[in-house]
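Just so you know, these numbers come straight off a predicted model, no measurement behind them. Just so you know, these numbers use all the heavy atoms, side chains as well, and skip hydrogens, waters and symmetry mates.
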Amino acid sequence: MSQTSRPPQDLLGEVRGSLGRATDRRSFLRTVGVAGAVITVASCDDDPITPDPGAGVTLDFSSDFGVLNYAYALEQLEAAFYTQAVSSPFSDAMSGDIAALTAVRDHEVAHREFFKAALGANAVGALSVDFSDIDFDSRASVLATAQTFEDLGVGAYNGAAKYLSDVNFLTAAGKIVSVEARHASVIRTMLGNSFAPDAFDDALAPSAVLAAADPYITTQIILTNA
């Protein structure tokens with residue numbers, strides 16, 4: 001079977017083997033292996049992130065909190081997108097499409113909840129999203145957007161890793177980005193494309209990532225020290 005015709009279910013098996021459908025906080029933290037780091041973050045008195053819904057959100061990359069909130073913001077975006085895609089499936093779905101998107105949704109929700117729990121009181125609030133430009137009744141529109149988000153997510157993690165100082169957080173980010181890369185492979189396969197077009201994934205600057213995500217996030221995000 002060629003690369004472009006590989007069933008998405010094959011790749012989904014690899015995804016499930018890595019993280020499964022863990023949405024429970026404790027089970028997911030055990031899987032990622034940073035339960036101790038969560039206690040450190042949640043109990044820290046230094047709070048460089050001060051969420052203010054009226055003024056937007058500032059992400060200061062001089063602190064691990066800022067980097068983790070950056071990842072949290074992107075996971076909020078992805079989780080919201082897949083939740084809507086699964087709740088109102090496109091009418092031209094092919095066999096296995098909705099099951100694949102549901103599995104990816106479960107992972108993105110798990111990632112979002114992990115960062116929310118890890119950051120505790122330091123977490124930014126729920127971001128507002130706008131998917132009005134996406135035709136959720138069109139397979140092509142949903143999958144094209146999914147590929148954009150997954151490629152963006154992989155590039156975001158790769159580009160932000162250098163800003164993390166705590167090795168526990170770096171390890172967690174490395175585990176999550178590997179799953180995001182599998183998601184990207186699943187979506188590419190569903191679109192009939194090569195599941196691994198390049199030998200190395202891009203590392204995207206935070207400013208480039210937020211610019212690409214801006215059409216879908218209505219909450220103002222201000223980036224500093226990145």
Side-chain angles (χ1 to χ4, degrees), residues 22-26 28-29 32 34-84 105-132 148-150 152-166 168-177 179-180 204-226:
T23 54
D24 173 78
R25 174 186 173 185
R26 290 184 179 179
F28 183 66
L29 296 182
V32 178
V34 291
V38 172
I39 297 174
T40 302
V41 176
S43 63
C44 183
D45 293 331
D46 181 20
D47 182 8
I49 304 297
T50 305
D52 182 347
V57 169
T58 297
L59 304 179
D60 183 357
F61 269 51
S62 66
S63 163
D64 280 359
F65 288 114
V67 183
L68 295 179
N69 267 302
Y70 168 68
Y72 177 41
L74 294 175
E75 295 297 351
Q76 285 191 52
L77 175 66
E78 289 185 300
F81 166 72
Y82 285 108
T83 296
Q84 185 164 339
R105 177 205 61 188
D106 290 348
H107 292 156
E108 302 298 4
V109 169
H111 294 167
R112 181 195 67 198
E113 293 305 300
F114 163 69
F115 284 112
K116 183 178 180 180
L119 285 158
N122 297 295
V124 298
L127 303 184
S128 298
V129 297
D130 180 4
F131 298 137
S132 58
T148 296
F149 284 169
E150 295 302 339
L152 194 64
V154 172
Y157 276 98
N158 288 341
K162 65 181 181 180
Y163 296 99
L164 288 170
S165 58
D166 190 313
N168 291 307
F169 299 145
L170 188 60
T171 298
K175 292 182 178 182
I176 292 175
V177 73
V179 176
E180 296 289 346
L204 301 178
S207 59
V209 172
L210 291 179
D214 183 68
Y216 307 101
I217 300 177
T218 58
T219 301
Q220 181 185 24
I221 299 178
I222 301 170
L223 184 66
T224 63
N225 295 309

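Here Y157 contributes atom OH and L170 contributes atom CG; the two are 12.5 Å apart, rounded to the nearest 0.5 Å. E75 contributes atom CD, which lies 14.0 Å from atom NZ of K116 (distance to the nearest 0.5 angstrom). Separation of atoms CD (E108) and CG (L74) is listed at 10.0 Å; rounding is to 0.5 Å. Atom CG in L68 sits 9.5 Å away from atom CG in N122 (nearest 0.5 Å).
Proximity of a side-chain donor or acceptor of N225 to a complementary backbone N or O of S63 within less than 3.5 Å is not detected. Formation of a donor-acceptor pair under 3.5 Å by the S128 side chain with backbone atoms of T219 is not found in this model. Counting only distance, with no hydrogens or angles, the side chain of D60 and the backbone of G66 share no donor-acceptor pair below 3.5 Å. Under the 3.5 Å distance criterion, the side-chain polar atoms of D64 are matched with a main-chain donor or acceptor of D166.
Between A79 and R112, the closest heavy-atom pair is CB-NH1, 3.8 Å. The two residues Y163 and P206 come nearest to each other via the heavy atoms CE1-CG, 4.1 Å.
Looking only at side-chain heavy atoms (C-beta outward), Y70 and V209 come within less than 4.5 Å of each other. In this structure, V124 and L59 have side chains that are in contact, with non-hydrogen atoms separated by less than 4.5 Å. Two residues are said to be in side-chain contact when any heavy atoms from C-beta on lie closer than 4.5 Å; N69 and V57 fail this criterion. With a 4.5 Å cut-off on side-chain heavy atoms, Y216 and V129 do not count as touching. In this structure the side chain of E78 reaches within 4.5 angstrom of the side chain of E150, judged on heavy atoms. At least one side-chain heavy atom of I176 sits under 4.5 Å from a side-chain heavy atom of F115. Side chains of T171 and K175 form a contact here, defined as non-hydrogen atoms less than 4.5 Å apart. Contact check for F131 versus L77: side-chain heavy atoms found under the 4.5 Å cut-off.
No close placement of the F149 and Y82 rings is indicated, their centers lying 6.0 Å or farther apart.
The side-chain hydrogen bond (donor to acceptor under 3.5 Å, both in side chains) search around D214 returns none, not counting sequence neighbours.
Residues H111 and E180 have side chains that bring a donor and an acceptor to within less than 3.5 angstrom of each other.
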